[in-house]
Amino acid sequence: MGQTPDVHTLTAGGTATALEVYAARLEAVAAIYPQLPSILSDAFARPNGREVAVHPLRLLRGLLILFTAGTVALLLTKRVLAEPLRKLESEGGAPLLTGGLRFVLGLVPVGAFAVGVLVVYAIVRPSHPAAPAVLLAVLQAAMTVLLSDRLIRFLCAPGRTALRLIPLEDTDARALHRTGVITVTLAATVLGLVDLLLALGVAGNAIVAIGLPLSTVPFLYLLFRVWRGRTAVARAVAHPLGIEAKDHPTLGLWAVAASVYLVALWLVVAAAAVRLEPATGPRMLASLLVALAVPAIALMAQRPLARFYRGEETAAGKAAVARVMRALWSALFVVGVFATAAIWGFRVEQASGAIGIVLRLLFNVTVVLLLGYVAWTMVVRAIDRALEGARHDGVSSRGQRLATLLPLLRKFLQVVLVVILVMIVLSSLGIEIGPLLAGAGVVGIAIGLGAQSTIADILAGVFFLLEDAFHMGDYVEVGQLRGTVEGISLRSLKLRHHRGAVHTLPFGQIKALTNYSRDWALMRLEFRVPPETDMGLVKKLVKEVGKDLSADPEMGPSFIEPLKSQGVRRVEDDAAIIGVKFITKPNEQFVIRREAYHRLIRAFQDHGIHLVGRGVVVRVDDPEAANRIIGFAAAQAMNGSGKESGAAE
């Protein structure tokens, strides 16, 4: 075969020269088709131009013997492992762990296949020099198919819904498994045949003439499966997220994008084959695996998305779910395109010129924006769902903390996302971002010093909220100030005093905080009674009042411990101080204290127990003292009236 022009030898001739070279190469490949029968005949009659003949039927028979031996070893190993696999499934472990163990055990039969083929080959010991190359080509193709089958089974788990990592129905899971295995089988068969012909000495334009048409088979099959299953895939995407595929027609555009991707990929494969680039076949297989991995990863990501968006039955909720899925599919599509480009030797970070800058911007900014949007949406949804759950349970404290921290978190994430995007754009344009980061650090230090007190208030508030020091509605004490927590902002706390005044306290100035409304509240009451009071009667009355309060339908549920008499707490000159205590739920003690005072005082009065005041009491033993005091007061009053009348005259 004569020398043919190569695209890599192009000079500054531009696009026209490249087209001319490709046209010349295609003409050379087309001219080889009439010679293919003789080329193949010569390859079997005299492999590599110097070795003994290989009869096609004998070659086929030898390959069948090898495959039979490997298949027998595979089936025997699967039969031995059947019982451990059943026991593993019956234990009911985590789906991911159980599926992973099944995948590992499934690799054992694949290894047994390879061992069986190699053992029979070692026993037969074919003497032909091309036998090792033929064995390697065939074994690589078979192992590729078997390993791909195990991997796809691990993801789809056809027939085992509990172990399925991709949220699909049984029919769709079997279809996806079948599509993946057939696609890999077709591609591996083409590669195996090409490697076999290369081992026999067929090369150059003849290999391109044979491999190029055959390479269209897996692509055509994938295109057929894409358009036949476009509705099923759209339904599989929409169903777990609670949306209808017919309401979101953009979900069906995945088939158009996949078709464009596959056609472009085949053109790349064809161009590489025409250029006689090495490793074109393995690159084609890797590219097809990337094409299968993109929808698989997208479908696997649906499960966490479905959990996050479960219950979104409103029109706005369905629209949000559809936007997230479109962003996820778009990001994975862009990643798949650039991953395929990397397989074929194009590195976006190494591209130069205006086109390189545009491609870097397209890849970096698009992927960061799309994935950042998906992550941001999921974080916001998770926080909103926790807030809804807290409000539904009536736990206003948790909801208030989340409502306070959520704006801070949103602003922080927004700032981080914008900064990352700007830095990525500048880096993609070739601008050094190191000096910018240093300058931003200096500006940040200056701002931090200028707003030190404000930042201290914000940080102190964040830690107060994280430590759950108080809730909305709690009665707290900060220094000399007391009140009910009425408002929590980013940097301050608002306390409502019982007289109506509102105190605003910056978090940074709160050194210590006493919460009277946490978990339970102990209230102690004191009564001053005469020293001769019957303490047994007091204890009995306290117990009866405590029973009445505990039986009250409004106040009874608030008690943790009922009223209890503590007996005499101390003795003063003119009174004995008796104590009464009770324990209630937070914020309920004040109402109960008022009612307990009222009922106890009334009970004491009904039983002749009088409370002693704190004034001085003078005792006089003369029984006539009261009459004399009254007469003296009347005389003084009359004298005062007479003096006032004389002065008037």
Flag, side chain of [X] to backbone of [Y], donor-acceptor distance under 3.5 Å:
X     : Y      : answer
Tyr33 : Ala209 : yes
Arg25 : Val274 : yes
Ser41 : Pro37  : no

Practice item. Report the C-alpha distance between Arg178 and Arg225 in whole Å, list the side-chain angles of each, state the deciding distance to 0.1 Å, and finish with yes or no for side-chain contact (heavy atoms from CB on, under 4.5 Å). Key: CA-CA 10 Å; Arg178 183 170 59 253; Arg225 294 300 303 174; 4.1 Å; yes

Can you find a heavy atom in the side chain of [X] that is under 4.5 Å from one in the side chain of [Y]?
X      : Y      : value
Thr179 : Thr183 : yes
Tyr261 : Thr340 : yes
Val194 : Ile210 : no
Asp149 : His177 : yes
Leu63  : Val134 : yes
Thr144 : Ser148 : yes
Phe113 : Met143 : yes
Leu57  : Arg61  : no

For [X] against [Y], the heavy-atom pair lying closest together:
X      : Y      : result
Ala69  : Gly116 : CB-O, 3.9 Å
Leu81  : Leu105 : CD1-O, 3.5 Å
Val190 : Gly211 : CG1-O, 4.4 Å
Val290 : Ala339 : CG1-CB, 4.4 Å
Ala188 : Ala141 : O-CB, 3.5 Å
Leu197 : Leu40  : CD2-CD2, 4.0 Å

Point to revise | Residue pair Phe103, Arg150: steps toward the side-chain contact (heavy atoms from CB on, under 4.5 Å) verdict | key: CA-CA 7 Å; Phe103 175 72; Arg150 297 312 308 171; 4.0 Å; yes

Point to revise | Trace of the side-chain contact (heavy atoms from CB on, under 4.5 Å) decision for Val110 with Leu147 | key: CA-CA 7 Å; Val110 178; Leu147 291 174; 3.9 Å; yes

Practice item. Would you kindly say whether Trp266 and Thr216 are connected by a side-chain donor-acceptor distance under 3.5 Å? Key: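 On atom types as modelled, these side chains do not qualify, holding no pair under 3.5 Å.
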
Check your understanding: Could you walk me through whether Leu155 and Leu176 pass the side-chain contact (heavy atoms from CB on, under 4.5 Å) check?
Key -> CA-CA 10 Å; Leu155 298 175; Leu176 182 59; over 6 Å; no

Could you measure the distance from the [atom1] atom of [X] to the [atom2] atom of [Y]? Nearest 0.5 Å is fine.
X      : Y      : atom1 : atom2 : answer
Leu74  : Phe67  : CG    : CZ    : 12.0 Å
Asp195 : Leu200 : CG    : CG    : 11.0 Å
Asn205 : Gln35  : CG    : CD    : 9.5 Å
Leu151 : Leu289 : CG    : CG    : 8.5 Å
Leu135 : Leu196 : CG    : CG    : 11.0 Å
Ile123 : Ile65  : CD1   : CD1   : 11.5 Å

**Study point:** The single option from Val263, Leu265, Leu186 passing side-chain contact (heavy atoms from CB on, under 4.5 Å) against Phe219
**Key:**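 So the option named by the test is Leu265.
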
